[in-house]
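For reference, the structure discussed in these notes is given below.
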Amino acid sequence: MDTQASLDAESYLIPFSQNVKLSSQFFKHFSPLDQEYVKATASVMKEDFLESAKILLPESRKKCVLICLGPKEDWTLRRARLLFRKSFNSLRECNARSVGMCLSDFVGPNIDISTVAKEAALNVEMAAYEFKEYKQKSEKEAPTIETMVYTVAPSTRARQCEKQVRMGGTIGRHVNYARTLSNIPGSDMTPSKLAASAKECGKKYGFDVQVLDEKEMRKLGMGGVLGVSRGSSEEATFIIMEYTGTSAKRAPIVFVGKGITFDSGGLNLKPSNSMDEMHMDMSGGAAVISALSAIADLKLKAHVIGLVPAVENMPSGQSYRPGDVLTSMSGKTIEIANTDAEGRVILADALTYAEQYKPTHIIDVATLTGACVIALGHHALAVLSPNDLFAKTICETGEVSGDYAWQLPLWNEYESDIRGTVGDVLNASKSREAGTINGAMFLYQFAKSFKHWAHLDIASTMTTASDQHLSKGASGTGVRLLVELAHCLSKK
Ligand code: BES
Ligand code: ZN
Ligand code: ZN
């Protein structure tokens, strides 16, 4: 955190904006010739947001990335996230090994130094992530940026910034872990492997993990989880995590994650071009496991339970069938209209299981519906809750965390769509209308005893979008939001 250290870096990030021009804290340490060179380059640039240039300083021979913030008054937290990622990618393309960056350069009327510090570290981690586990050794070991040297202007509270940098980096690494869990192919990330990963995290970061097998689930009457699992040769697992960072007597917050390790659709088999990403159908589970890891790693003063039913949805002679009626743990019967609407069926049992904790707040996270992608594209996850105020808190926390969230209605008017003919509730309505709302409405039937319950449909944000400046594949959606929620809901 000192300027001298960052001057030793091989390369620098230098922002500029239309009305403020070049004001980097590094400038006063540059030679006049180097300064002139940077200024001359900036003067011929278009000055659009994220417009960038890679330059080599003539005198010091240091590499720089010059990047445009846009007008200072438009400089926002949302823009900052994208800029840190884009800059990191450009610096990586310069083959830089170490990067110096002055956090004070990015402070503006709408973004303070603490936020800059956290978001820079978090987004640099996210931008640095590439899923290379299945690549050849040579590609795995390709050189990349190894060190980031953050500095602040004199008279800034460096200690506070250091703390924020550390926090941002920690959260970023747990987001990336969720991305890895989701990116691993379905054959290698089975329900038992997902449970083993949760156990590993519990040991490493300090939270309890218990895993129920199918026999134990049968005893509990989890007909939903067991019904979906019937077609697969992989045993289902039910992962229970508990982090106690405050009195264990305090009512906890519960996070529930959909852990479908591969969703073929079952007997209602998916079309072939809709199946290749379905190893990521456990992204809700990955978010919950990684959020618990992050919360424990950050030692938040919170009591958090994580529940992940992990199941593979496959077609076979043993599969559950359209028209079947399953008895859920709650006693409610579920009429199966479509075996591809499996997520809600396993989550029903997890919600019932959660009742014993009498949580202050309960949030389920699931890649539940394709309709969510149609509604929101890739830039927001959907929030549905009977409690508008709670939904609003989640959307606001989404903005703060970077996992942007948007509310859809969960009005009683939609309830008739999921009423069963033979069973109590139908797992998929006859029409394709309001798919995301129907999914949430089904879950709501199993969440009526909770005062604060919300459902997050993360199908929309499961993978990264091309303009997010992140590598292709799983996005780690939900981790930042759950961590931030655990932090702010525990304070209440
Ligand atoms: N896992 C899928 C939803 C999904 C689609 C997630 C695309 C991520 C990207 C889910 O289990 C599913 O298949 N839902 C069905 C529900 C329908 C049968 C009521 C859907 O959305 O088509
Ligand atoms: Zn499905
Ligand atoms: Zn699914």
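Excluded from the calculations below are hydrogen atoms, water molecules and symmetry mates; all remaining heavy atoms, backbone and side chain alike, are included. Counting starts at 1 for both ligands and their atoms, following the listed order.
- Atom 18 (C) of ligand 1 has Asn338 ND2, 3.4 Å as its closest protein atom, hydrogens excluded (heavy atom only).
- Ranking protein heavy atoms by distance to atom 1 (N) of ligand 1, first place goes to Asp281 OD1, 2.9 Å.
- Gly370 N, 3.8 Å is the protein heavy atom nearest to atom 20 (C) of ligand 1.
- The contact set between ligand 1 and Glu342, taken as ligand atoms under 4.0 Å from a residue heavy atom, comprises 11 (O).
- Residue contact annotation: Leu368 places no N/O/S atom under 2.8 Å from the Zn ion (ligand 3).
- Distance alone, capped at 3.5 Å, is enough to place a donor-acceptor pair between the Asp324 side chain and the Arg321 backbone.
- Within the listing of ligand 1, atoms 1 (N), 10 (C), 11 (O) sit less than 4.0 angstrom from a heavy atom of Lys258.
- Remark: among candidates Lys270, Arg344, Met282, Arg432, the nearest residue to atom 13 (O) of ligand 1 is Lys270, based on non-hydrogen atoms.
- Among all non-hydrogen protein atoms, the one lying nearest atom 12 (C) of ligand 1 is Asp340 O, 3.2 Å.
- Of all N, O or S atoms in Asp281, the one lying closest to the Zn ion (ligand 3) is OD2.
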Residue pair Tyr404, His379: steps toward the ring pair (Phe, Tyr, Trp, His ring centres under 6.0 Å) verdict: CA-CA 7 Å; Tyr404 307 134; His379 297 294; 8.5 Å; no
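- Nearest protein neighbour of atom 19 (C) of ligand 1, counting heavy atoms only, is Ala428 CB, 3.7 Å.
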Taking it one step at a time, do Val256 and Tyr353 satisfy side-chain contact (heavy atoms from CB on, under 4.5 Å)? CA-CA 10 Å; Val256 182; Tyr353 187 87; over 6 Å; no
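- Per residue Asp263, closest N, O or S atom to the Zn ion (ligand 2): atom name OD2.
- Between Asp424 and Lys332 there is no salt bridge, since no side-chain nitrogen of the basic residue lies less than 4.0 Å from a carboxylate oxygen of the acidic one.
- Across the listed options Met462, Met280, Glu277, Met278, Met278 owns the non-hydrogen atom lying nearest to atom 7 (C) of ligand 1.
- Distances from the Zn ion (ligand 2) show that Asp340 has an N/O/S atom below 2.8 Å.
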What's the verdict on side-chain hydrogen bond (donor to acceptor under 3.5 Å, both in side chains) for Arg173 and Asn176, showing C-alpha distance, side-chain angles and the deciding distance? CA-CA 5 Å; Arg173 281 187 291 280; Asn176 291 344; over 6 Å; no
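- Applying side-chain hydrogen bond (donor to acceptor under 3.5 Å, both in side chains) to Lys258 and the options Asp281, Asp263, Asp364 leaves one that passes, Asp281.
- Between Glu119 and Arg79, no side-chain nitrogen of the basic residue sits less than 4.0 Å from a carboxylate oxygen of the acidic one, so the salt-bridge criterion is not met.
- The Zn ion (ligand 2) lies closest to atom OE1 when only the N/O/S atoms of Glu342 are considered.
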